[in-house]
Amino acid sequence: MTEVPTITLNNGVVIPQLGFGTYQITPQDAKQATLEALEVGYRHIDTAEMYRNEKEVGDAVAASGIDRSEIFVTSKLNNGFHERDAALRAFDATLDALGSDYIDMFLIHWPLPTIGDFVETWKAMQEISESGRVKAIGISNFQVAHLQRLFDETSIVPAVNQIEVHPYLAQDALRTFGTDHGIATEAWSPIAQGKVLDDAVIVAIAEKVGKTPAQVTLRWHIQRGDIIFPKSVTRSRVEENFAIFDFELSDDDIRAITQLDRHERTGPDPDVFDYVPAN
Ligand SMILES: NC(=O)c1ccc[n+]([C@@H]2O[C@H](COP(=O)([O-])OP(=O)(O)OC[C@H]3O[C@@H](n4cnc5c(N)ncnc54)[C@H](OP(=O)(O)O)[C@@H]3O)[C@@H](O)[C@H]2O)c1
């Protein structure tokens, strides 16, 4: 079976560098899709309370026959639960939904800087961490200024920052800031939900190395050292996205893809995003 490389986080916890994303997988499809990803060999699943599929992901992990300790499961605190007590309750609900007495990683999904105080939320995450029911805590969609506040006002450095990264949004400043402070970068929407796949530069490199544009893009992330979890409900693509460890991109190829950066987001801008779903 393919060996997926791992990254050791700043608290010693080890995470597979390639996982399976579950955003926009409906509750109806999520158990089957996750089971198939586990069958293909993925051992890292990224879910969130916001995706409404934690229960189905947990069902798939339980039904897979794979030892729980061999699967890295991440979930995220939804935007309506930033206040301390709500955050503690939301974590309990996530464990319930996943049917597990622990989770590998728990993240603040969005900083929501215009509507609340994410420092209070991060302190609640630290309490959750101290309860021993999560192996690592982190944040998602935090910008440099948000991270700086966490460093100034709290004691635990997040293990990861999960941010939008792909060839059209290379995020090198934020990634470097993370590296300099021991925070691993997780790159969400690694293929920009498909938007980069017909880019002429990526297509030409794919033809040269005999791989698909998706594989070349995912490999670019891996060689840059980021953690990724492409999403697909299509079995052939789930397999394709896993088959990225038998070739290498040259430094020139990596550079050419990085130069495609045009600061183009597919998702919201974390500095102004303020969506709180009705619960
Ligand atoms: N923290 C956050 O705020 C945040 C935000 C967004 C995403 N995420 C996480 O990151 C994960 C990945 O991001 P994402 O789901 O937004 O986007 P993505 O993985 O970049 O792209 C998924 C889309 O690309 C298609 N696709 C997948 N593999 C393909 C391939 N080999 N060839 C052609 N098309 C392919 C999928 O279609 P089919 O499914 O139809 O095959 C789907 O439409 C999410 O699932 C979630 O876990 C986190």
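We number each residue from 1, following the sequence as shown. Start at 1 and go down the list; that is how both ligands and their atoms are numbered. Everything numeric here is computed off the predicted structure, so don't read it as measured data.
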### Query
Starting from atom 36 (C) of ligand 1, which protein heavy atom do you reach first, and at what distance in Å?
Lys231 O, 3.5 Å
### Task
Would you check, one step at a time, whether the test side chain to side chain contact (heavy atoms under 4.5 Å, CB included) holds for Phe245 with Glu3?
CA-CA 8 Å; Phe245 301 108; Glu3 273 286 317; over 6 Å; no
### Query
Which residue owns the protein heavy atom closest to atom 5 (C) of ligand 1, what's the atom, and how far is it?
Trp188 CD2, 3.1 Å
### Message
Side chain or backbone, does Thr234 bring an N or O within less than 3.5 Å of an N or O on ligand 1?
### Response
yes
#### Entry: Residue among Phe273, Phe118, Trp110 satisfying ring-ring contact (aromatic ring centres under 6.0 Å, His included) with His146
Phe118
### Task
Please report which non-hydrogen protein atom sits nearest to atom 37 (O) of ligand 1, along with the residue it belongs to and the distance in Å to one decimal place.
Arg237 NH1, 3.1 Å
### Task
Any chance you could measure Asp104, atom CG, to Phe72, atom CZ, to the nearest 0.5 Å?
5.0 Å
### Message
Side chain, backbone, both or neither: which applies to Gln193 and ligand 1 if a contact is any heavy-atom pair less than 4.0 Å apart?
### Response
both
### Message
How close do Arg52 and Ala278 get, counting heavy atoms only, and between which atoms?
### Response
NH2-O, 3.8 Å
#### Entry: Sequence neighbours excluded, every pair satisfying salt bridge (charged side-chain N to carboxylate O under 4.0 Å, His left out) that has a member inside residues 137-146
none
### Query
Hey, is ligand 1 close enough to Val233 that some N/O pair sits below 3.5 Å?
yes
### Message
Return the closest protein heavy atom for atom 12 (C) of ligand 1 as residue, atom name and distance.
### Response
Phe229 O, 3.3 Å
### Query
Considering only heavy atoms, does Pro190 approach ligand 1 within less than 4.0 Å through its side chain, its backbone, both, or neither?
both
### Query
Looking at His109, which atoms of ligand 1 are within less than 4.0 Å of one of its heavy atoms?
1 (N), 2 (C), 3 (O)
### Task
Specify side chain, backbone, both or neither for Ser189, according to which of its non-hydrogen atoms lie closer than 4.0 Å to ligand 1.
both
#### Entry: Under-4.0 Å heavy-atom contact with ligand 1, by part of Thr212 that carries it
neither
### Message
For the OH atom on Tyr168, are there more than 12 heavy atoms of other groups (residues, nucleotides or ligands in this structure) within a distance under 6.0 Å?
### Response
yes
### Query
Considering only heavy atoms, does Asn241 approach ligand 1 within less than 4.0 Å through its side chain, its backbone, both, or neither?
side chain
## Note on the structure
So for Asn141 against ligand 1, with non-hydrogen atoms under 4.0 Å, the contacting part is side chain
### Task
Please report the closest heavy-atom contact between Val196 and Ile191, naming both atoms and the distance.
CG2-O, 3.5 Å
### Message
Using a 4.0 Å cutoff against the non-hydrogen atoms of Glu240, which atoms of ligand 1 qualify?
### Response
31 (N)
### Query
Hey, are Glu54 and Ser75 close enough side-chain-wise for a donor-acceptor pair under 3.5 Å?
yes
### Query
Is Ala48 touching ligand 1 with its side chain, its backbone, both, or neither, if touching means heavy atoms under 4.0 Å apart?
neither
### Task
Could you verify whether a donor N or O on one side chain and an acceptor N or O on the other, from Glu56 and Thr34, lie under 3.5 Å apart?
no
### Query
Which pairs count as ring-ring contact (aromatic ring centres under 6.0 Å, His included) when at least one residue sits in residues 206-234, sequence neighbours excluded?
His44-Phe229
### Message
Can you name the atoms of ligand 1, numbered from 1 with element, that are less than 4.0 Å from a heavy atom of Ala214?
### Response
30 (C), 31 (N)
### Query
Where do Gln17 and Asp226 come nearest, in terms of heavy atoms and distance?
NE2-O, 2.9 Å
### Query
Relative to the heavy atoms of Asp46, which atoms of ligand 1 are at a distance of less than 4.0 Å?
9 (C), 46 (C), 47 (O)
### Task
Check each atom of ligand 1 against the heavy atoms of Pro230 and keep those under 4.0 Å away; list them by number with element.
19 (O)
### Query
For ligand 1, which atoms have a heavy atom of Ala192 less than 4.0 angstrom away?
20 (O)
### Task
State the atoms of ligand 1, each with its element, that fall below the 4.0 Å cut-off from a heavy-atom position in Ile191.
18 (P), 20 (O), 21 (O), 24 (O), 26 (N), 27 (C), 28 (N), 29 (C), 35 (C)
## Note on the structure
The reported gap from CD in Glu120 to OG1 in Thr154 (rounded to nearest 0.5 angstrom) is 13.0 Å
### Message
Students often mix this up, so state it plainly: with edges at 30° and 60°, are the rings of Phe106 and Phe91 parallel, tilted or perpendicular?
### Response
perpendicular
### Query
Would you say the side chains of Gln223 and Asp253 form a donor-acceptor pair under 3.5 Å?
no
### Query
Using a heavy-atom cut-off of under 4.0 Å, does the side chain or the backbone of Trp110 touch ligand 1, or both, or neither?
side chain
### Task
Show which atoms of ligand 1 fall inside a sub-4.0 Å distance from at least one heavy-atom site of Leu197.
32 (N), 33 (C), 34 (N)
### Task
Tell me which protein heavy atom sits closest to atom 44 (C) of ligand 1, plus the residue, atom name and distance to 0.1 Å.
Tyr23 CB, 3.4 Å
